[in-house]
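Before any comments, here is the structure.
To find a chain, count down the sequence lines: A is the first, B the second, and so on, and within it residues start at 1.
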Amino acid sequence: MAMLDHEKIIEALAATLENEVLPALGQGPARLQLYSVLDVLENLSAYLEWGGQLAELEVAACRRAASQLAGLLEGELSARCRDFAAETGGGDAALETARTLLVDVIESPAFDLPEVRAAVDACLGESVLTAAMFTKPSRLTEVSKG
Amino acid sequence: MSAEEQLKALSLFIASRNGATDVDLSAYRAHTEGFSMETFSFDARWTESGGEVFDGRLIARVQPEAGLLEPYDLRPQVLAMRAVHGTVAVPELLWFEEGSEVLGAPFYVNRFVAGDVPLPSEGPSGELPIEDPLERESLARDFAGNLAALHRFDWQAAGLSELGGPDGVPEDGRDAARRAVANWRGYHERSRAGAAPMMARAFKELEARLPRESPLCLVHGDYRTGNFLRVGGRITAILDWEMTHLGDPMEDLAWACSRIWRGQTDMPGLLVERERLLHMYSEAGGLDIDEQRLAFYDLLAAVKMLAIMTTGLRAWADGRTDDVRMLMFRHQLAGMQVIMAESAGVVGALS
């Protein structure tokens, strides 16, 4: 999520270890924070390794959908889809543009058309399943037990 | 506040409330279960004004400043717990303090109930939290029975109209469903960090599936494995009433049966198969089961969970909490979106 940059997360994890975990390691609340830190670190390292590629895959899926949708929609939405399908840029800006475009299509009356819905669903399905493959199992049980 | 300060403040509070003397609070223990409320238990002993001696263990639950369900308000859960005590297995509530003078935030105190909290997650090799199938069956029966009793509870006679929320009692189940969607859309809008097409798709689907007719009852709002205490095969208390409200009974059933709490099994809450649980609910006198409304609330369950996660993340990102547990949700959003995609019919069922 864009609201959380990685440096801020790592700083926060270090502060938690220093202030809450290490001084009281034997106690439940400290242990649950420790498990949380481990969980976040494990997933953060996976995200740093694969996150860029993941974003590219999502943008590519959206471009394929946009190319299809350009022929199914009319007016401004059709033009935006055509433009996005033709673009080649990547990164966070392209990802946000892709997601915004999908939301606008979903919220438009044209989404009632089965072909439009199918194109959007194919893109969403591919994106959410791909993203889930990059997530490691959670330590939620340990965290909840403390 | 430190543990000592909390107990000292509570001692004064109890003395002022009861006219009690010789108030002695000890054996403080912070509880780490649950993500919302700050919870601690303690031994309590005092002499009441009539000379009777109270001697027992109590639990205090303190409203957090920020977190998953912000903004917090303890009042609805206190009203509900007090009303259903004796009908549903809930701890007896002794005091509710709406001010912040005593412990720095509103809180309530209830009697300690023995039991452990099985969690809806499997071990590394797929171990179930409750291995004995007979124990699971017995717990499922209690689980369904308590829910049936809650849904049949006469909330009007108990004067619980306030639980309809700021807009008053919903006209019917459809109105309640519409409000539920609006409520969770609000959580999502306040916490999201950019465009969220899967959520937009889910809200579109919810609008299309909005139930036509349904009854209105008292809904727990977070009824699932992980939110009850048990001793062996018996439930000793239903906990975590933070999301209680007036709504459709299918909301609780769908939440309890959601894939969120099934792990890799087809057993809601890792107790028994879905059909078995629904049958137990009906057998216990629960309200009529409606698969269409269950499907609506199953999708709403995924939306609700994702909105709760992003609300926790937002609270952390904005510096309103430093609880690192909130950050864990960042990496669970992907899995939750898969559950949502399945429930919305965007992808086929994966398990």
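When the shell of 6.0 Å around CG of B:D116 is examined, it contains more than 12 heavy atoms from other residues, nucleotides or ligands.
Between chain A and the options B:Q337, B:M340, B:K204, the largest number of non-hydrogen pairs under 4.5 Å is found for B:K204. In terms of heavy-atom pairs under 4.5 Å with chain A, the best-connected choice from B:G226, B:G194, B:G335 is B:G194. Chain B forms more heavy-atom pairs under 4.5 Å with one residue of A:T100, A:L13, A:V128, A:T130 than with any other, namely A:V128. For chain B, the option among A:I106, A:V120, A:V103, A:L101 with the highest count of heavy-atom pairs below 4.5 Å is A:I106.
Heavy atoms of B:A196 lying under 4.5 Å from chain A belong exclusively to its backbone. Looking at A:T16, only its side chain comes within 4.5 Å of chain B, counting heavy atoms on both sides. Both the backbone and the side chain of A:L44 come within less than 4.5 Å of a heavy atom in chain B.
For the atom pair B:E207 CD and A:E107 CD, the distance stands at 8.5 Å (nearest 0.5 Å).
The two residues B:M328 and A:S36 have their closest heavy-atom pair at SD-OG, 3.7 Å. The two residues B:P197 and A:L102 come nearest to each other via the heavy atoms CB-CB, 3.8 Å. Across every non-hydrogen atom of A:Q33 and B:D323, the tightest pair is NE2-OD1, 2.8 Å. Nearest heavy-atom pair across B:V346 and A:G125 is CG1-N, 3.8 Å.
Judged purely by atom type and a 3.5 angstrom limit, A:E96 uses its side chain to pair as donor or acceptor with the backbone of B:A195.
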Could you go through the side chain to side chain contact (heavy atoms under 4.5 Å, CB included) check for A:E126 and B:V347 one step at a time?
CA-CA 9 Å; A:E126 185 181 335; B:V347 297; over 6 Å; no
Just do the side chain to side chain contact (heavy atoms under 4.5 Å, CB included) check on A:V40 and B:R330 with the steps written out, would you?
CA-CA 8 Å; A:V40 173; B:R330 184 173 187 253; over 6 Å; no
